[in-house]
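Note sheet for the following structure.
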Amino acid sequence: MRDTEETPAATLRLLHWYDRHARVLPWRVGPGDRAAGVRPDPYRVWLSEIMLQQTTVAAVRDYFRRFTERWPEVAALAAAEDAEVMAEWAGLGYYARARNLLKGARAVVADHGGRFPDSRDGLLTLPGVGPYTAAAVAAIAFDEPATVVDGNVERVVARLFRIETPLPAAKSELTRAAASLTPAVRPGDHAQAMMDLGATICTPRNPACGLCPLIHGCAARAAGDQATLPRKAPKVAKPVRDGVLWIACRADGALLLETRPDSGMLGGMLGWPGTDWDRSGGPSDPPLTALWRDAGPELRHTFTHFHLRLRVLVADVPADAVPLRGAFVAQAAFRPSALPTLMRKGWNVAAAAIRHPNDTARLA
DNA sequence: CATCCGTGGAT
DNA sequence: TATCCAAGGAT
């Protein structure tokens, strides 16, 4: 291990900076409390790390609060209904995370006696936990000197060591560079300090080098090309795909919804029946025979790897309508907040176009 | 190693 | 408006 090695001076400077400038975050035990012996709750660390995968702190805050209020410990989450967890995750994106979150919670209860594995290798066995998350939880919750490499750390070390290899090929090189900075002391604070530095000082554009505790050892800063690092492989253009969404409103106000299959886009989420999006609207049929009409302008939504243009069709159907797909959900039980953002957009377009029972009563 | 998988804010 | 980007993982 590194016990007998000296902690690099730069690492000490970074920890000192963290002691003064650590962000205050709902899932974090700050450096002051940590020094006083307060231990982070592994469940909260794990939950926050899953939520933070490819997701901004600002977007995560409210979700983390709602999840921990509703499911304060891993056993409670493990016992939750799948649909409830997916509904609570709706809008946060990357829904495989939510499916794996539940699997992970249940694995902790079923296979680990309700306690999280306390090592990087043990954590890696949990679904949804990869190299980053395993190292982060091991370091932050269990003080294991694991090297944590996320997008922030990649940027920081690419600049410190002026590594010009483009990502993702540079990944292993960046990991080795980050490992050379990982101390035996305060590994959790060090990991969070690296990420805070990347998030607040060593930012992708216009890094605030004048405020950086590591400026003296920064090779890119010395060369003046810090803003161009890390280099990245060129991105592929997003194709445009088309599709149709069918939103049926029954005479009693019930709405036709379906739970999407676990695989594919928005997997496991509630949504309106629709066509596939891989062709030009697809040849598939509507979920029931009705007089379908355009609800409004074409919906536009951009996913990670394609742009989507969706026609939203609506129909008012009789009380005895029998759908070919999906199931009617009573008006009182329908919560738009349980839908992923795309489906919520579809509802916003449709709501203005369907005839509500109240309107019917008023017209009668 | 490449591809798939969301979303919203910043620029 | 278009592009980039954020505490990545699974396949």
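Please read these numbers as outputs of a predicted model, since none were measured by experiment.
To the nearest angstrom, P of dC5(B) lies 9 Å from CG of Leu266(A). Protein atom CG of Leu47(A) is 16 Å distant from nucleotide atom C1' of dG8(C), rounded to whole Å. Taking atom CE on Met265(A) and atom P on dC4(B), their separation rounds to 11 Å, with Å as the unit. For the pair Phe303(A) CZ and dG6(B) P, the computed distance is 7 Å after rounding to whole Å. If you take CG of Leu167(A) and P of dC1(B), they are 12 Å apart, rounded to a whole angstrom. Atom C1' of nucleotide dC4(B) and atom CZ of Arg241(A) are separated by 10 Å, given to the nearest angstrom. Here the P atom of nucleotide dC5(B) and the CZ atom of Phe306(A) are 7 Å apart, to the nearest Å. Nucleotide dC1(B) holds its P atom 12 Å from the NZ atom of Lys171(A), rounded to whole Å.
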Which atom pairs link the protein and nucleotides 9-11 of chain C when you take only N or O atoms and keep those under 3.5 Å?
from, atom 1, to, atom 2, distance (Å)
dG9(C), OP1, Gly130(A), N, 2.9
dG9(C), OP1, Gly130(A), O, 3.4
dG9(C), OP1, Thr133(A), N, 2.9
dG9(C), OP1, Thr133(A), OG1, 2.7
dG9(C), OP2, Tyr132(A), N, 3.2
dA10(C), OP1, Gly128(A), N, 2.7

Scan nucleotides 3-6 of chain C against the protein and return all N/O pairs shorter than 3.5 Å with their distances rounded to 0.1 Å.
from, atom 1, to, atom 2, distance (Å)
dA6(C), OP1, Arg155(A), NH1, 2.6

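Look at Thr341(A) and you'll find a side-chain N or O under 4.0 angstrom from OP1 or OP2 of dT7(B).
Contact annotation for Leu92(A): base contact, defined as any heavy-atom pair under 4.0 Å involving a base atom. Among the atoms of the strands shown, none is found under 4.0 Å from any heavy atom of Leu308(A). Base engagement by Trp27(A) is indicated by at least one non-hydrogen atom pair under 4.0 Å involving a base atom. Heavy atoms of Gly198(A) sit nowhere under 4.0 angstrom from any nucleic acid atom.
Listed for the Lys345(A) side chain is no donor-acceptor partner under 3.5 Å among the backbone atoms of His301(A). Thr275(A) contributes a side-chain N or O that, together with a main-chain N or O of Val244(A), makes up a donor-acceptor pair within less than 3.5 Å.
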| Could you spell out the base pairing of DNA chain C in dot-bracket, with Watson-Crick or G-U pairs whose two distances are under 3.5 Å, [ ] crossing and | to another strand? | .|||||.||||
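Judged by a 6.0 Å distance limit and a 45° cone about the ring axis, Arg23(A) is not positioned over the six-membered ring of Trp17(A).
Sorted by first and then second residue, the pairs that involve residues 99-110 of chain A and meet salt bridge (charged side-chain N to carboxylate O under 4.0 Å, His left out), not counting sequence neighbours, are Asp82(A)-Arg106(A). The salt bridge (charged side-chain N to carboxylate O under 4.0 Å, His left out) analysis of residues 323-335 of chain A, with sequence neighbours excluded, yields the pairs Glu258(A)-Arg325(A).
In this structure, the side chains of Val148(A) and His190(A) stay at 4.5 Å or more apart for every pair of heavy atoms. At least one side-chain heavy atom of Leu52(A) sits under 4.5 Å from a side-chain heavy atom of Val57(A).
No side-chain donor-acceptor contact under 3.5 Å links Thr68(A) and Arg65(A). Under the 3.5 Å distance criterion, with hydrogens and angles disregarded, a donor-acceptor pair is assigned to the side chains of Arg97(A) and Thr55(A).
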| request: List the steps, then state whether side-chain hydrogen bond (donor to acceptor under 3.5 Å, both in side chains) holds for Tyr132(A) with Glu49(A). | output: CA-CA 9 Å; Tyr132(A) 162 75; Glu49(A) 293 298 346; 2.6 Å; yes
Can you give each donor-acceptor pair under 3.5 Å made by side-chain atoms of residues 166-179 of chain A, sequence neighbours left out, with the distance rounded to 0.1 Å?
from, atom 1, to, atom 2, distance (Å)
Lys171(A), NZ, Glu154(A), OE2, 3.0
Glu173(A), OE1, Thr165(A), OG1, 3.1
Thr175(A), OG1, Lys171(A), O, 2.9

